[in-house]
There are 2 protein chains.
Amino acid sequence: MKKNTSILLAEDDLNLGQLLQTFLKTKGFEVSLAQNGKTALERFHEGSFDFCIFDVMMPEMDGFTLAKEIREIDKQTPILFLTAKAMKEDKLEGFSLGADDYLTKPFAMEELLARINAILRRVDTSDEEEDGSRMIGAIKYEPELRLLHLEEETKKLTTKENQLLTLLVKNQNDILDRQAALRAIWGDDNYFNGRSMDVYIAKLRKALKSDESIEIMNVHGKGFKLIVKEA
Amino acid sequence: MKKNTSILLAEDDLNLGQLLQTFLKTKGFEVSLAQNGKTALERFHEGSFDFCIFDVMMPEMDGFTLAKEIREIDKQTPILFLTAKAMKEDKLEGFSLGADDYLTKPFAMEELLARINAILRRVDTSDEEEDGSRMIGAIKYEPELRLLHLEEETKKLTTKENQLLTLLVKNQNDILDRQAALRAIWGDDNYFNGRSMDVYIAKLRKALKSDESIEIMNVHGKGFKLIVKEA
DNA sequence: GGCGCCCGTTAAAAAACGTTAAGCCCATGT
DNA sequence: ACATGGGCTTAACGTTTTTTAACGGGCGCC
């Protein structure tokens, strides 16, 4: 059973936003609509999305800044920009931020759909299963359901545990920057949030300790690295 | 089981970057993607890569400067440049910096793959094992896991110990320049960092003293030299 | 041979991280 | 309203990692 592709849509114009949302829903997507960049960013870090559609001009936080924040810890998820006018600079800046595409308003619904599908076809190569789960060593992890399937029990993760593990997995075998992670999950990288994160690292280590080949290694002063040793 | 060859890819255009990353991943490589030269340099010094692909034009630090920095302490790891236009001067400068090959954009994925494999076949002469470990005298060293297997115990190295030992090993039987090492690991070669490095040299000497054939020799005013005497 | 500088080593200080437990807040059911 | 419980933060204490200090020895050079 193929899981629904979930889209994060950030659009301040509620008219257009809802129109797009309903349209995409009829096409079989799950769509979460945010009305400004800030809530969109929070939503992104809470949830688990396969695709992003961001309006460039938005209150609180514009689409480009939003994309930049997301790219600090996630270089995978495709982002498509909606831009009001055909501005050359806009296009250039967007692409340098790792946009996978852009669309100039006004546009046809069908064109949007075509672009989305094209990008998804091109990009989808992660070691993620069809149902959204993935393996960490011998442990099955379902981010959307916040479940960790261990030998016997199957552990329910809390929001924060899940966010942190998701980031670690996204950066598997690579450094997850401490500051970036704090900004992504806590919104601010002060001392106390840092201590809080360390507590969650301890929790995750305990949860994952059943598989000896998994290690959350600390890189002093830089961050953490999820290592999965080869068999 | 053959370890995945790990590639450091520095490319500011995330579109192209991700495209290359996913392509190379499907071909069995481990790919770490950095969006500018500076983070790429940090990543290089922290991690352990078998191959580098650098875009020439990048923000923060361009590909040539990046290569120059790396070549100060690593003369082995192959570097392939991606250049926008076929500029003769670029090529010349690149080769003088120790580039192993070039590719002019746009290029075919398959060609990139062919070049990589050609270089790896040609260059791979390191005494590195298939699993990424290597021997220093009679001591087994696993840089990615930061482990040093001595007679009885197996010592976990700290981040800094590991970085320094990696540099020494890369320049085995050759001088590791003091200033270059400081810039590589500490980012700055001031007095205090220098003293700090001396402390780590002492630590490594102590750790390696179980094997009499290994010596970290000082070359006055120049740097250090890791010497492994023949049996 | 004396003097400055660089290095060797050990110890102390400081910073970062590891872990456990206690406290706090908020939602929920009674 | 009151208790209950889960989730998150803060506190407290321990350990590890890194830096700085301190002191002694070696090297090169006039």
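Scope of the values below: all heavy atoms of this structure, side chains included, with no hydrogens, waters or symmetry mates. Letters A, B, ... are given to chains in the order of the sequence lines, protein chains preceding strands, and every chain is numbered from 1.
- In this structure, CG on B/D174 lies 11.0 Å from CG on B/L226, to the nearest 0.5 angstrom.
- When the side-chain nitrogen and oxygen atoms of B/R195 are compared with OP1 and OP2 of C/dC7, none of them lie within a distance under 4.0 Å.
- Between D/dT19 and B/W186, a contact under 4.0 Å exists linking OP1 or OP2 to a side-chain N or O.
- Residue A/T158 places no side-chain N or O under 4.0 Å from the OP1 or OP2 atom of D/dG7.
- By the salt bridge (Lys or Arg N to Asp or Glu O under 4.0 Å) test, B/K203 is found to be paired with no residue, residues two or more places apart in sequence or in another chain being considered.
- Taking atom CE of B/M197 as the reference point, atom C1' of C/dC7 lies 10 Å away to the nearest angstrom.
- The side chain of B/K222 contributes no N or O atom lying less than 4.0 Å from OP1 or OP2 of C/dC6.
- Within the structure, a side-chain polar atom (N or O) of B/T159 is placed less than 4.0 Å from OP1 or OP2 of D/dT18.
- Checking D/dT10, C/dT10, C/dC6 against the side-chain heavy atoms of B/H220 singles out C/dC6 as nearest.
- Ring centers of A/F51 and A/F29: at least 6.0 Å apart, outside the cut-off.
- Going from atom CD1 of B/I216 over to atom C1' of C/dG8 covers 12 Å, rounded to whole Å.
- Atom-to-atom distance recorded for A/I201:CD1 and A/L176:CG is 7.5 Å, nearest 0.5 angstrom.
- Across the protein-nucleic acid pair, B/D188 atom CG and D/dT19 atom P stand 12 Å apart, rounded to whole Å.
- Contact check, B/K206 against C/dT10: a side-chain N or O comes under 4.0 Å of OP1 or OP2.
- Across all strands shown, B/K203 has heavy atoms under 4.0 Å from base atoms, whether or not it also approaches the sugar-phosphate.
- With distances taken from any side-chain atom of A/D198 to the nucleotides D/dT10, C/dT19, D/dT19, the minimum falls on C/dT19.
- Electrostatic pairing of A/K222 and B/E42 counts as a salt bridge here, judged by a charged N lying under 4.0 Å from a carboxylate O.
- Protein atom CG of B/L182 is 13 Å distant from nucleotide atom P of C/dC6, rounded to whole Å.
- Summarising the geometry, the separation between CG on B/L157 and P on D/dT18 is reported as 10 Å, rounded to the nearest angstrom.
- Residue A/Y191 is classed as having no contact, given no heavy-atom separation below 4.0 Å to the nucleic acid.
- As rounded to whole Å, 13 Å separates atom P of C/dC17 from atom CG of A/L164.
- We find that CD1 of A/I201 is positioned 14 Å from P of D/dT9, with the value rounded to whole Å.
- For the pair A/Q179 CD and C/dA16 P, the interatomic distance rounds to 10 Å; values are reported in whole Å.
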